[in-house]
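Just so you know, ligand 1 is whichever comes first in the structure, and atom 1 is the first atom listed for that ligand.
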Amino acid sequence: MKKKFLNLGKQPITNSFLKDIDTKTINKEYFYNLSVGFNNKNYLVSLMNHVDPKKQFTNQYAHRASQSKTMRESFKKTAKKLKERFKPNNCLEIGSNDGVFIKNFKKKQIIAVEPCTNLAKITQSEGYKTYGKFWNKKIASIIKKKHRKFDLIFSANTISHIPNLDEVFKSVSMVLKEEGVFVFEDPYIGSVIQNNSYDQFYDEHVHLFSLISISKIVSKAQLKVFDAEITKNHGGSICFYVCRKDSKSIETKRLKLLKKKEIKQGLHKLKTYQKFSNRVAESRKKLVQLLKDLKKKNKKIISYGATYKSATIFNYCNIGKELIDYVVDTTPNKQGKFTPGKHIPIISPEIGFDSSVDYAFLGAWNFKREIQAKEKNFINRGGKFIIHVPKVKII
Ligand code: TMP
C-alpha cells in the first residue's frame, strides 16, 4: 500500500542540538533512516518509519514559533480572520508552542495543549490554561469533561507531526461542537513537489498533506473538509477547514478548484513522487558542487538559520564544517550548540554575521524576505545568499 519513493539516508533528530561534541556525546547520538513513501489508497505522503514522539517533543524543545516576525504577524492575521469568520465563543489550540497564536485571544476564551513542557510552562506562566500533554483521545476526554466542546479548534504545524492521524481526528471529533470548525495548517506536499523543497522531510514531519489525502482521512472520523487554502507560511502550507459531515457548511469554490489542481499536478500518482526523487538527487549534486567550488576560491561560507530543514540537507548532502564554517541563529537556546548529525557550531548573528562572511546558505529560506530586508548591509557590501529552492543558485 505504501510505496517508498525517496531515501534521504541516515538522519538525526532535528531538534537535538548538541551541547558538546566529545566522543561520548557523539557516540550516543541517535540516528534513523529517513525515507518517504506514498500510500496509493489514501494518497498520503509520509515517512516509512517514524521516530518515537517522546524522543522528539521533550522538555528541551528548542523551536520557538514567535522568534520570527513573519510568523508573529501571520498568526495575528490568522487569529483576526478566524474570529471574524467564525465568531467563536471558546477555542482550543493543539500544539501551542510558545503561545504565538493564543496570545491573540483573551485568556478566558482559549485553552491549549502542548506536549513540550518547557513551552507549555511559558504560556501557563502568562495565565493561559495549557495542558502539557500529547494530543490523543485521553486528553480529549479530560478536556471534554472540564471544558465541554469548542466552536473553534486550531492547530498549526502540529497535526503533520502526529503518526496516528485516525486518533487525531477522532479526538477532535470528541470535543468539536455540532457546528464547530477545526482549522489546521501544515506544510503542503504540492509546494514541496513544485519547489523541490525536499528539506520539508525530517523526523517531525511524519506526513506532508494534500487536500485529496486529508479529505479521505477525516472522513473516517465522520468529518469533512469544506474549505482549504494554500498559504505562503513555511515555504508553502495548506490550511484546512474541517467540520462534521452533517454540518450545514458547504464546500467552497476554492476547495473544488484546489482538488482539480492537485489532480492536474499528479498528487494522486506514485510517478509524480518518483520524478521528484530524481530532482532531489540532482539538487544535492549541484549544491555540493557549488559549495566546493566556492571553498576552492577561499570563500567563507556560513549558514543562516539553524533550521530543522537544514539538518536534512546537511546530513543528506554530507555537508559539514569543511564547507560551512558555522551557522548563525537568533534563538538563544540554539546558540553555543552544534547542529545534529554534522556538528557545525551555532552562534548568534551579532557575533558571526560579520564582514568576514562571503556567502550565507539560507537554511531558513522560508524567511528569505525577512532576512534579506534585515541583512541589507551584508548585501550592500557584496555578500551573497545561496538558496536551493526551487533550484540551487546564488542570489
Ligand atoms: P523554522 O524554519 O523551523 O521556523 O526555523 C527558523 C530558524 O531560523 C529559527 O531557529 C530562527 C532562525 N532565524 C534567524 O536566525 N534569523 C531570522 O531572521 C529568522 C527569520 C529566523
Distance to 0.1 Å, residue and atom name: give those for the protein heavy atom nearest to [atom].
atom: atom 9 (C) of ligand 1; result: Asp329 OD2, 3.5 Å
atom: atom 5 (O) of ligand 1; result: Thr307 CG2, 3.6 Å
atom: atom 15 (O) of ligand 1; result: Thr330 N, 2.9 Å
atom: atom 1 (P) of ligand 1; result: His63 CE1, 3.9 Å
atom: atom 16 (N) of ligand 1; result: Tyr304 CE2, 3.6 Å
atom: atom 21 (C) of ligand 1; result: Phe367 CD1, 4.2 Å

Distance filter under 4.0 Å to [X] heavy atoms, resulting ligand 1 atoms:
X: Ile371; result: 18 (O)
X: Gly305; result: 8 (O)
X: Lys374; result: 16 (N), 17 (C), 18 (O)
X: Lys334; result: 9 (C), 10 (O)

Look only at interatomic distance and state if [X] has a nitrogen or oxygen under 3.5 Å from any nitrogen or oxygen of ligand 1.
X: Gln67; result: no
X: Ser68; result: no
X: Glu370; result: no
X: Tyr308; result: no
X: Lys309; result: yes

Might you work through the side-chain hydrogen bond (donor to acceptor under 3.5 Å, both in side chains) test for Asn7 and Ser35, ending with a clear yes or no?
-> CA-CA 4 Å; Asn7 186 357; Ser35 54; 5.0 Å; no

With [X] as the cation and [Y] as the aromatic partner, state whether NZ or CZ is under 6.0 Å from the six-membered ring centre and within 45° of the axis.
X: Lys269; Y: Phe38; result: no
X: Arg244; Y: Phe226; result: no
X: Lys107; Y: Tyr128; result: yes

Identify whether the distance between the nearest side-chain nitrogen and carboxylate oxygen of [X] and [Y] falls below 4.0 Å.
X: Asp325; Y: Lys299; value: no
X: Glu167; Y: Lys137; value: no
X: Lys259; Y: Glu251; value: yes
X: Glu322; Y: Lys292; value: no
X: Lys384; Y: Asp358; value: no

Supply the atom-to-atom distance Tyr32 OH to Gln11 CD, rounded to the nearest 0.5 angstrom.
-> 5.5 Å

Quick one: OH on Tyr198 to CZ on Arg284, what's the gap to the nearest 0.5 Å?
-> 8.0 Å

Relative to ligand 1, is [X] under 4.0 angstrom through side chain, backbone, both or neither, heavy atoms considered?
X: Lys69; value: neither
X: Asn366; value: side chain
X: Thr331; value: side chain
X: His234; value: side chain

Ignoring hydrogens and angles, state whether a donor on the side chain of Ser247 or Glu178 is under 3.5 Å from an acceptor on the partner side chain.
-> no

